Every structure is written in structure tokens, then in C-alpha cells.
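What follows is one structure encoded as C-alpha cells, with my remarks underneath.
We're numbering straight along the sequence, starting at 1. Everything numeric in this text was worked out from a predicted model, so none of it was measured.
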Amino acid sequence: MTKITAIIPTLNEQIHIEEAIGSVDFADEIIIIDSFSSDKTIELAKKHDVKIIQRQFDDFSSQKNFAIEKASNSWIYILDADERVTEELKNEILKTVKDPKDKVGFHIRRSFFFGAKNLHYGGWQRDKVIRLFLKEYCQYNGNLVHEVIESTGELGFLKNKINHYSYRNYNQYIGKMNHYSELKAQQLFQKNKNVNVYHFLIKPLVRFFIHYVIRLGFLDGYAGLIYARTQAYAVFSRYVKLWHLKNNGF
């Protein structure tokens, strides 16, 4: 009952995969659910004691639920490839599954690193995700981008945080934003949403203002400025891609 399966979804994560696997070395089973990576992700993963499943990506919820069904254990820990579990969190997880106090899942807060800088503002001060849960009581639901866990039991909070290294360099992060903007554009296209000048000019500026001013991103200095800019770019890119889908079919 206290054994844990760690699941790592991947797509071209060669810069992260080995550190990610090492980060969940506390798990009794590690599953890599891969969306047919074209880089060395699988080659590097095979150097470790992991179970590798390749599945064509349709959406994040289906991808994760598929891997959860294949898990040998009831306790599941989901790790994004750019996240790392600290030693303090590892110890807390192992203690928690032995005595969950009637909880079926747990929120974990994340520390977001933008390069070497740990961002404390810009919205990250409230960032939390459900990563540890019992598969009998929890499953993913949602759309292409914003999948959520729905639970039939009570959820708790762990005290220690995950380290989230989403930003290695500017080009890598923009590439990641482009991937998410493509998924979001497809979602908007399926809903037959319109796009106009407002979406190209005003919405990106609003997003920048939210992250940099309202969510106090300016307190993180230059890194906070760059992060707010990338968020504005992601919104702009989303609607550019939607415009192409509606006008050119690609």
C-alpha cells in the first residue's frame, strides 16, 4: 500500500531526463510516458531502471491517465521532466504515504527557477500542483493544456516544495512557450473562437501588466521583467497561430 510509482511525461527532454529520473529515486517504480521524442530522451532513459511507454500525444490528461493505468502501485507521484524533488520533499513523501491521515492526494508548492534566479513573484508565489495521490481516488481531466486532477476524497498539502527549472535559456523557454501556444491555438480553433487586433496588441500587454505589476514581478528584478515578456509573447504567439489555423488551415 505504501509503494510509489513515479511517472515522468516526456517529449524531447534530453537535457532534463537523467536528472529527473534521479530526482524520483525514492520511487519503487518509475514510468516514462513519452510522446515519441526525436532527441536522445529515450536513449538516455534506457540507461536507468525505468519502464518506458511511448504513446502518441493527444492531450495531457489522456497521456497521464494512460500511464497511471499501467502503474503497479496505488500511490502515484507525477514529475514534469523540468522539476526536481528535494531531499526534504523525498523524506516527507515517504513519511506521508505511510500515514496519509485519510487524505487521498496532496498539493505541493513549487519554487520556480528562471535560469539561476529563484522567482518569488510574478504569480509564482501562489503556484501549487497536485503531484502525490492515490490512483483509485484521483484522475486527470481537462483539455489540451490545462489538465486538472479531480478527486473523490480529501486533499492535503505537503510542507516542502518542488524545484521547477522550466527556464534553462531564452531559446529553450521560447520553444516551450511555442509548443504550449500551438496546443492552446488548437483548442481555441476547435471552439471556433475569433481573432482580431485586440488579441494581437491588447491581450499581450494585459498579460505583461498582470505578471510584472499586479503580481509584483518587478520585485524579481531583470529576471522578473524577462519572465513577464515571455508570458506576453506566449499570448501573442497563441493568437498568431490561431489566425493561421482560421485563414490557412495550418
Side-chain angles (χ1 to χ4, degrees), residues 8-17 19-20 32-42 54-64 79-83 110 112-117 119 122-124 127 129 142-148 164-212 215 217 220 222-250:
I8 308 174
T10 58
L11 173 63
N12 296 333
E13 294 287 359
Q14 65 179 22
I15 66 172
H16 287 297
I17 187 60
E19 289 184 24
I32 309 296
I33 178 73
D34 182 73
S35 304
F36 292 97
S37 292
S38 58
D39 65 359
K40 294 183 178 180
T41 298
I42 297 303
Q54 289 192 295
R55 178 181 184 272
Q56 191 65 43
F57 180 87
D58 43 12
D59 60 71
F60 288 111
S61 291
S62 298
Q63 198 79 343
K64 291 176 181 177
L79 182 83
D80 285 350
D82 58 6
E83 296 174 344
R110 292 191 292 183
F112 182 77
F113 287 83
F114 204 62
K117 172 78 171 178
L119 296 191
W124 289 105
D127 184 45
V129 287
N143 49 44
L144 274 172
V145 182
H146 299 296
E147 79 278 17
V148 295
H164 186 197
Y165 297 98
S166 185
Y167 180 99
R168 286 293 182 99
N169 57 63
Y170 186 78
N171 289 333
Q172 175 265 334
Y173 195 70
I174 289 299
K176 186 173 185 177
M177 291 297 98
N178 279 330
H179 174 63
Y180 281 107
S181 67
E182 284 181 15
L183 296 176
K184 188 64 177 177
Q186 291 172 18
Q187 182 185 91
L188 294 172
F189 181 72
Q190 291 167 6
K191 294 180 179 180
N192 199 30
K193 295 293 185 179
N194 292 319
V195 59
N196 54 46
V197 174
Y198 166 77
H199 298 97
F200 294 131
L201 298 180
I202 305 302
K203 289 204 73 168
L205 290 174
V206 170
R207 177 60 63 89
F208 177 87
F209 185 80
I210 288 171
H211 285 283
Y212 194 63
R215 296 180 178 172
D220 281 316
Y222 184 68
L225 173 64
I226 298 300
Y227 174 72
R229 283 184 58 190
T230 60
Q231 296 306 302
Y233 168 80
V235 173
F236 175 77
S237 178
R238 173 193 313 167
Y239 288 104
V240 168
K241 290 177 172 63
L242 176 60
W243 185 88
H244 279 291
L245 285 170
K246 294 183 74 69
N247 289 275
N248 301 296
F250 66 88

Donor-acceptor under 3.5 Å (T41 side chain, Q14 main chain): yes

CG on L119 to CZ on R110, rounded to 0.5 Å: 12.5 Å

K193 side-chain N/O to Q187 backbone N/O, donor-acceptor pair under 3.5 Å: no

Atom pair CH2/CG of W243 and N196 - distance to nearest 0.5 Å: 13.0 Å

Close side-chain approach of Q231 and F208, heavy atoms under 4.5 Å: no

Contact check, side chains of I42 and Q54, non-hydrogen atoms, under 4.5 Å: yes

Heavy-atom side-chain proximity of I17 to I32 below 4.5 angstrom: yes

Atom pair CZ/CG of F236 and L205 - distance to nearest 0.5 Å: 11.0 Å

Donor-acceptor contact below 3.5 Å, side chain D59 vs main chain S62: yes

pair S37-E13: side-chain heavy atoms closer than 4.5 Å: no

Nearest-0.5 Å distance, NE2 of residue H211 to CG of residue D220: 12.5 Å

Ring center gap for F200 and Y239 short of 6.0 angstrom: no

Close side-chain approach of L242 and R238, heavy atoms under 4.5 Å: no

From Y180 atom OH to N178 atom CG, the distance as rounded to the nearest 0.5 Å: 12.5 Å

Whether over 12 other heavy atoms sit under 6.0 Å from R229 CZ: no

Parallel, tilted or perpendicular, as decided by the 30° and 60° cut-offs, for the rings of H179 and F60: perpendicular

